[in-house]
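The first residue of the sequence shown is numbered 1, and numbering continues consecutively from there.
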Amino acid sequence: MTIREMAMKDITAVGEIYIQAFGHQPESIRFYKLEPYVRFCIDEGYAFISEDEGRIEGFIIGYEKPDMFNGKIAYIELLAMRPEAQHRGNAKRLIERFIESAQAKGIKEVSVSTACYKDAYLIYRHLGFSDAQSDLRTLFKRI
């Protein structure tokens with residue numbers, strides 16, 4: 001198993017993994033405009049692939065965003081693994097590579113949002129992420 005930088009040639013596999021990991025229908029890939037979004041994360045330098053014998057098993061994407069206290073933080077937007085590739089340490093290695101990239105750029109904090117009842121929450125906690133333990137909720141309004 002290797003971790004490498006994601007390239008746009010990986011977009012089809014990334015879309016397939018996204019659907020497998022989150023149970024979305026293929027139409028949602030077009031709806032959410034995955035390709036330009038992945039391109040943005042690649043350009044930011046926060047897009048990595050887990051690959052085993054030439055098959056893409058999972059990915060992590062994110063970006064830098066402004067932060068009042070740190071100047072900038074690296075934000076993990078999405079981590080996804082093929083179901084059969086889960087529980088093998090691949091997600092951990094992807095997160096570690098993401099963190100290494102952030103550190104190399106002088107970033108002092110990496111953040112992520114995930115539901116506390118998801119397996120991902122336990123992975124992040126195991127890797128030393130702290131729970132903000134706040135009542136903050138993400139709200140949005142479509143306009």
Can you hop from [X] to [Y] via hydrophobic side chains spaced under 4.5 Å?
| X | Y | result |
| --- | --- | --- |
| Phe40 | Ile61 | yes |
| Phe48 | Val38 | no |
| Ile60 | Tyr63 | no |
| Leu34 | Ile56 | yes |
| Leu78 | Leu94 | no |

Nearest-0.5 Å distance, [atom1] of residue [X] to [atom2] of residue [Y]:
| X | Y | atom1 | atom2 | answer |
| --- | --- | --- | --- | --- |
| Ser111 | Asp67 | OG | CG | 8.0 Å |
| Cys41 | Met6 | SG | CE | 8.0 Å |
| Ser101 | Glu96 | OG | CD | 14.0 Å |
| Ser50 | Arg82 | OG | CZ | 10.5 Å |
| Met1 | Glu51 | CE | CD | 10.5 Å |
| Ile49 | Arg97 | CD1 | CZ | 12.5 Å |

So, do [X] and [Y] sit near enough that their side-chain heavy atoms are less than 4.5 Å apart?
| X | Y | value |
| --- | --- | --- |
| Phe98 | Leu79 | no |
| Glu16 | Thr12 | yes |
| Met81 | Glu57 | yes |

- Item | Arg55 bridged to Glu84 by N-O distance under 4.0 Å | yes
- Message: I'd like to know if Asp10 and Arg4 make a salt bridge, using a cut-off of under 4.0 Å between side-chain N and carboxylate O.
- Response: yes
- May I ask you to decide if Lys72's main-chain N or O and Asn70's side chain share a donor-acceptor pair within less than 3.5 Å? no
- Query: Sequence neighbours excluded, which residues qualify as side-chain contact (heavy atoms from CB on, under 4.5 Å) partners of Arg125?
  - Reply: Tyr121, Asp131
- Full working for side chain to side chain donor-acceptor pair (under 3.5 Å) between Glu64 and Tyr46: CA-CA 8 Å; Glu64 290 179 11; Tyr46 293 100; 2.9 Å; yes
- Query: Taking only residues two or more places apart in sequence, or in another chain, which ones meet Glu109 in a salt bridge (Lys or Arg N to Asp or Glu O under 4.0 Å)?
  - Reply: none
- Of Ile99, Leu127, Ile73, the residue whose pairing with Val110 passes side-chain contact (heavy atoms from CB on, under 4.5 Å): Ile99
- Heavy-atom pair of closest approach, residues Ile11 and Glu35: CD1-CA, 3.8 Å
- Query: Which pair of heavy atoms, one from Ala7 and one from Ile42, lies closest together, and at what distance?
  - Reply: C-CD1, 3.8 Å
